[in-house]
Amino acid sequence: MRLPGKTIEVATSEDYKLLENMNKLTSLKYLEMKDIAINISRNLKDLNQKYAGLQPYLDQINVIEEQVAALEQAAYKLDAYSKKLEAKYKKLEKR
């Protein structure tokens, strides 16, 4: 339809059908995204529960790690002391 000096476009039923189809597809995509978000949330909750179940073991590992570090330091001190003792013994043995 044309008016003098102006162009007016009239939406046809095909245009409305196209918009309707686009809206339906968009709605379906949003539903898919919602399902994906729900699954991610569910999986995250499951992982958090599993992590909470493992936490006591992780705490034990940390304690053991600290104990091993302390034992290692004690071993280094003992080694240094034994070397000093050996040096004193050799010095006394030479006399």
Side-chain angles (χ1 to χ4, degrees):
M1 175 188 292
R2 288 186 177 245
L3 294 176
K6 294 186 180 182
T7 303
I8 299 176
E9 293 184 24
V10 177
T12 64
S13 64
E14 289 180 19
D15 292 335
Y16 286 121
K17 286 180 184 178
L18 177 62
L19 283 174
E20 185 179 357
N21 287 338
M22 288 173 61
N23 284 337
K24 286 179 183 178
L25 287 174
T26 302
S27 176
L28 288 174
K29 282 294 180 186
Y30 279 118
L31 286 175
E32 288 176 16
M33 290 170 57
K34 176 186 167 193
D35 290 341
I36 290 170
I38 288 170
N39 286 334
I40 289 172
S41 176
R42 188 178 304 127
N43 289 337
L44 183 59
K45 184 178 179 182
D46 290 344
L47 284 174
N48 284 335
Q49 288 175 346
K50 288 177 183 177
Y51 181 78
L54 289 174
Q55 191 59 49
Y57 301 110
L58 296 172
D59 292 341
Q60 287 178 359
I61 289 171
N62 288 336
V63 168
I64 291 170
E65 187 177 17
E66 290 171 2
Q67 291 172 344
V68 166
L71 186 60
E72 186 178 25
Q73 288 301 314
Y76 286 135
K77 287 179 183 179
L78 184 60
D79 185 49
Y81 179 74
S82 67
K83 286 179 182 177
K84 285 181 185 179
L85 200 57
E86 182 181 10
K88 283 183 181 181
Y89 176 76
K90 286 183 180 179
K91 190 175 180 182
L92 287 174
E93 196 177 49
K94 287 182 181 179
R95 288 186 185 180

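Here the structure is a predicted model, which means the values were calculated and not measured.
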Discussion item. Taking K83 first and then D79, would you say they form a salt bridge - that is, a charged N and a carboxylate O separated by under 4.0 Å?
Written reply: yes

Worksheet item: What distance separates L28 CG from M33 CE, expressed to the nearest 0.5 Å?
Response: 13.0 Å

Worksheet item: Are a donor atom and an acceptor atom from the side chains of Q55 and Y51 found within less than 3.5 Å of each other?
Response: yes

Worksheet item: Just wondering, more than 12 heavy atoms not from E14 lying within 6.0 Å of its CD?
Response: no

Worksheet item: Can you name the residues that form a salt bridge (Lys or Arg N to Asp or Glu O under 4.0 Å) with D59, not counting sequence neighbours?
Response: none

Item to complete: Evaluate salt bridge (Lys or Arg N to Asp or Glu O under 4.0 Å) for E32 paired with K29, printing each intermediate quantity in order.
Response: CA-CA 5 Å; E32 288 176 16; K29 282 294 180 186; 3.7 Å; yes

Worksheet entry | Reported OH-to-CG distance for the pair Y76 and L71, which is rounded to 0.5 angstrom | 11.0 Å

Item to complete: Say whether, by atom type as modelled, one donor and one acceptor occur between the side chain of S41 and the main chain of A37 under 3.5 angstrom.
Response: no

Worksheet, complete the sentence: Output for pair (L44 CG, N39 CG), nearest 0.5 Å, gives 12.5 Å

Worksheet item: To the nearest 0.5 Å, how far apart are CG in N48 and CG in N43?
Response: 11.0 Å

Item to complete: Report the distance from atom CG of N62 to atom CD of Q60, rounding to the nearest 0.5 Å.
Response: 10.5 Å

Worksheet entry | Approximate separation, where rounding is to 0.5 Å, of L18 CG and N23 CG | 9.5 Å

